[in-house]
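Structure first, commentary second.
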Amino acid sequence: MTAAEKKEMLRAVIGETQRMNLFQAINNSLDLALSSDPTAIIFGEDVAFGGVFRCTVGLQEKHGKSRVFNTPLCEQGIAGFGIGAATAGATAIAEIQFADYILPAFDQICNEAAKYRYRSGGLYDCGSLTIRAPCSAVGHGALYHSQSPEAFFAHCPGLKVVVPRGPIKAKGLLLSCIRDKNPCLFFEPKILYRSAVEQVPVKEYTMPLSKADILVEGDDITLVGWGTQVHVLREVCQLAKDQLNVSCELIDLVTILPWDKETIAQSVKKTGRLLIAHEAPLTSGFGAEIAASIQHDCFLNLEAPIERVTGFDTPFPHMFEPFYMPDKWRCFEAVKKLVNY
Amino acid sequence: MLPIRLACYGLRSVAANCKRINIGALSQITRKFSSDERPQFPGSRSQWTEKLEFIRPDLYDGIPVYRVMDRKGKVIDPSQDPQLSQEMVIKMYKCMTQLNTMDRILYESQRQGRISFYMTNYGEEGTHIGSAAALDPKDLIFGQYREAGTLMWRGFTLDQFMNQCYGNMEDGGKGKQMPVHYGSKDLNFVTISSPLGTQMPQAVGAAYSYKRAQNGLCVMCYFGEGTSSEGDAHAALNFSATLDCPVIFFCRNNGYAISTPSKEQYRGDGIAGRGPAYGMLTIRVDGNDVFAVYNATAKARQVALNEMRPVLIEAMTYRIGHHSTSDDSTAYRSVDEVRYWDERDHPISRLRNYMLSKGWWGDVQEKEWKEDCKRQVMTAFARAEKKLKPNWKEIFTDVYHEMPSHITEQLKQMEEHVQKYAEHYPLKNFSKD
């Protein structure tokens, strides 16, 4: 098949595409959600004028003030309100302005939303609730504008936690979360809002949750990450190929909870080596869960210990961000260590 | 002076303010600008003052307590008697007394080790029945944990109450929660959860949904005075007002949050004192006066739906019982204090006196009902006790809408384990289905 034929086939399958960055893709996804579901509402701080990251631009104008509206400045209120709205039949899409500020809502999210269906014997649920929040490092965010809190919520049965790596995935995953019959947390890496640009299909589409993506096939070592880190690991794959002649298999986990253990395990059974990288601190970061589960399921397949390259066990610093991040050099060094173990 | 200032501020602002200036005050214009007349801050445009004066909350008597009957059950102002039918009033009385009887039996059953835990509603029956009777049965209720009477009013059966307390296989909640964490989809009562106050912002969200759905229903949110200290309470009150939600906030101020008396819970004028601060219609009522509670709730519902706004009702009452079976309140309050409320200001006796005065009740009916009620409760109790618990595999159900593979994996592992070590697990008490 020629490149032109391939393009034509893709076009036939995917349809028309448009150049969108991450916030535009999210905006598009939200627009489609509201257009297709009359009960859908979007609320949070500053969402009415378009949001501090422009994810909700134009939505109040198009869908009306009763459907896209500001709430007072109170995350526990936003989460609680969302749970109640969902329970009473609305598709509730809440925005928390920064994932760093989701902690006041922790009680509502983990003690309430996550347990609503279980504790009521299935009589009540808030499955139509989705909470979106910008997460992860942005270059200068420091302690309170850089956090990746996925691990806190991964520990809470009943929730789904999803982290997109780019516009195409984000649009489909967000729509899936909104339509999923369980409360979902959708963490959007804020540095990708403008920097990640793709040709995104214009039509409505969803993408499966709890299914990891193998982005690069390889034989020597499995690299696992999510969100921004996927792009860092992509560069590591290239570095490893060029400098070490090592073939890396790159996997985007996509969904943190419930996570796709099967795909990772299958890959590690093939490669025998696993490197997990995430911005969140090392201790009890989600890499710990992956490492524990994979060493259990693939013990005899492992050629080396499972390595984690992560943020340090410190709060996220301002000036020292270049030293804090699990950058491609730290990851590359880890790959080297693992293949030479 | 004036012409220069006009040039600076523009004719438009003067013209706009001219509407508020009467001719007599025209002389003031030569001294003041039109824009001086009111503060212009986006946050508040109330009034100016040149007096340095702090508001003194201690000089204020507090919001009065609305009542219909005196402590003996005599209607004070006949225009406030809701004139409920004999049938309705007897139903109210029977509901309150049945709740009381059920409480006695189930409290005892915990003491005997038959159920693990229980919370009584002694003294607060009026707040439950008075308010529930004024709602539409389809209005959604979010409770805290001491509102069983509202469920009883709506028709939750003795069997249903007891099945939940016993956590047996007929429990609607599938044995997942401690006793008194009732829920009913049919009766529009959202399942109770232990964390306090979490139901409050949820009630607001639900009310918003109802508003959008234009279904003519409102949401009722119960909470105690202790719970009103939680952050979620503040969040809820603020959101409900700013988002114009048809929700009634009903605070049961019963004087205690476990051992903490209300004077250690707040320093201001109770919970009602906060309502106006949120821009909310507010009333304080005698919670032990079933008719006062009824009237206030009925009116609140009307306002909530006609004006699409929240209403705050603070029902003053007294928690006659202990906080729960894990509490012995003699440790922090006198028996005399409790006796006062039980004997001198009880919602059940006040209503009974009203019924007696109307000739709707007498000793014969009282005796008959007491026996009938007790018999009903006891037989339901015996039935609930005999039932098996749900299948232990229910541990793994309803975590998600669909069971994900990792939970299926854990279920299978436990199945194998239980098979191997069967004699160490109380399988005979659990259903096999």
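The residues A:Lys169 and A:Asp213 are annotated as salt-bridged, a charged nitrogen and a carboxylate oxygen being separated by less than 4.0 angstrom. Electrostatic pairing of B:Lys393 and B:Glu415 counts as a salt bridge here, judged by a charged N lying under 4.0 Å from a carboxylate O.
Residue contact with chain A, scored on non-hydrogen atoms closer than 4.5 Å, is absent for B:Leu237. For a residue to count as touching a neighbouring chain, one of its non-hydrogen atoms must lie under 4.5 Å from one of that chain's; by this rule B:Glu230 does not touch chain A. At a 4.5 Å heavy-atom cutoff, A:Asp125 makes no contact with chain B through either its backbone or its side chain. When heavy atoms are compared at a cutoff of 4.5 Å, A:Phe69 approaches chain B solely by way of its side chain, counted from C-beta outward. Proximity to chain B involves both the backbone and the side chain of A:Gln76, based on heavy atoms less than 4.5 angstrom apart. For A:Ile78, the parts sitting under 4.5 Å from any heavy atom of chain B are the backbone and the side chain alike. Heavy atoms closer than 4.5 Å to chain B are found in the backbone of A:Pro38, but not in its side chain. At a 4.5 Å heavy-atom cutoff, the contact between B:Tyr210 and chain A is made by side-chain atoms alone. Residue B:Phe142 touches chain A through its side chain alone, counting heavy-atom pairs closer than 4.5 Å.
No side-chain N or O of B:Arg154 forms a donor-acceptor pair with one of B:Ser184 less than 3.5 Å apart. Using a 3.5 Å distance cut-off with no hydrogens or angles, the side chains of A:Asp107 and A:Asn111 do pair a donor with an acceptor. Between the side chains of B:Lys176 and B:Thr397, at least one donor N or O sits under 3.5 Å from an acceptor N or O. Of the N and O atoms on the side chains of A:Arg179 and A:Ser36, at least one donor lies less than 3.5 Å from an acceptor on the other residue. Using modelled atom types and a 3.5 Å distance limit, the side chains of B:Tyr222 and B:Ser131 yield a donor-acceptor pair. There is a side-chain donor-acceptor pair under 3.5 Å between A:Asp37 and A:Thr39. Judged purely by distance below 3.5 Å, without hydrogens or angles, the side chains of A:Glu289 and A:Ser293 pair a donor atom with an acceptor atom.
The choice from A:Cys74, A:Gly121, A:Ala79 that makes the most heavy-atom pairs within less than 4.5 Å of chain B is A:Gly121. Put simply, of B:Glu402, B:His181, B:Arg212, the one with the most heavy-atom pairs under 4.5 Å next to chain A is B:Arg212. Most heavy-atom pairs under 4.5 Å with chain A, from the set B:Val204, B:Ile192, B:Asp244, B:Asp232: that is B:Asp232. When each of B:Ala235, B:Ser194, B:Pro201, B:Ala203 is scored by its heavy-atom pairs under 4.5 Å with chain A, the top score falls to B:Pro201. Here B:Gly172 is the residue among B:Gly175, B:Gly172, B:Ser240 with the most heavy-atom pairs under 4.5 Å with chain A. Chain A forms the most heavy-atom pairs under 4.5 Å with one residue out of B:Asp171, B:Leu243, B:Thr242, and that residue is B:Leu243. Considering only heavy-atom pairs separated by less than 4.5 Å from chain B, the leading option among A:Ala92, A:Pro72, A:Ser120, A:Ala88 is A:Pro72. Of the residues considered (A:Lys261, A:Glu262, A:Glu112), A:Glu112 shows the highest number of contacts with chain B, using heavy-atom pairs under 4.5 Å.
The backbone N or O of A:Pro258 sits less than 3.5 Å from a side-chain atom of A:Ser210, completing a donor-acceptor pair.
Residues B:Met403 and B:Leu411 meet the side-chain proximity criterion, which asks for heavy atoms closer than 4.5 Å.
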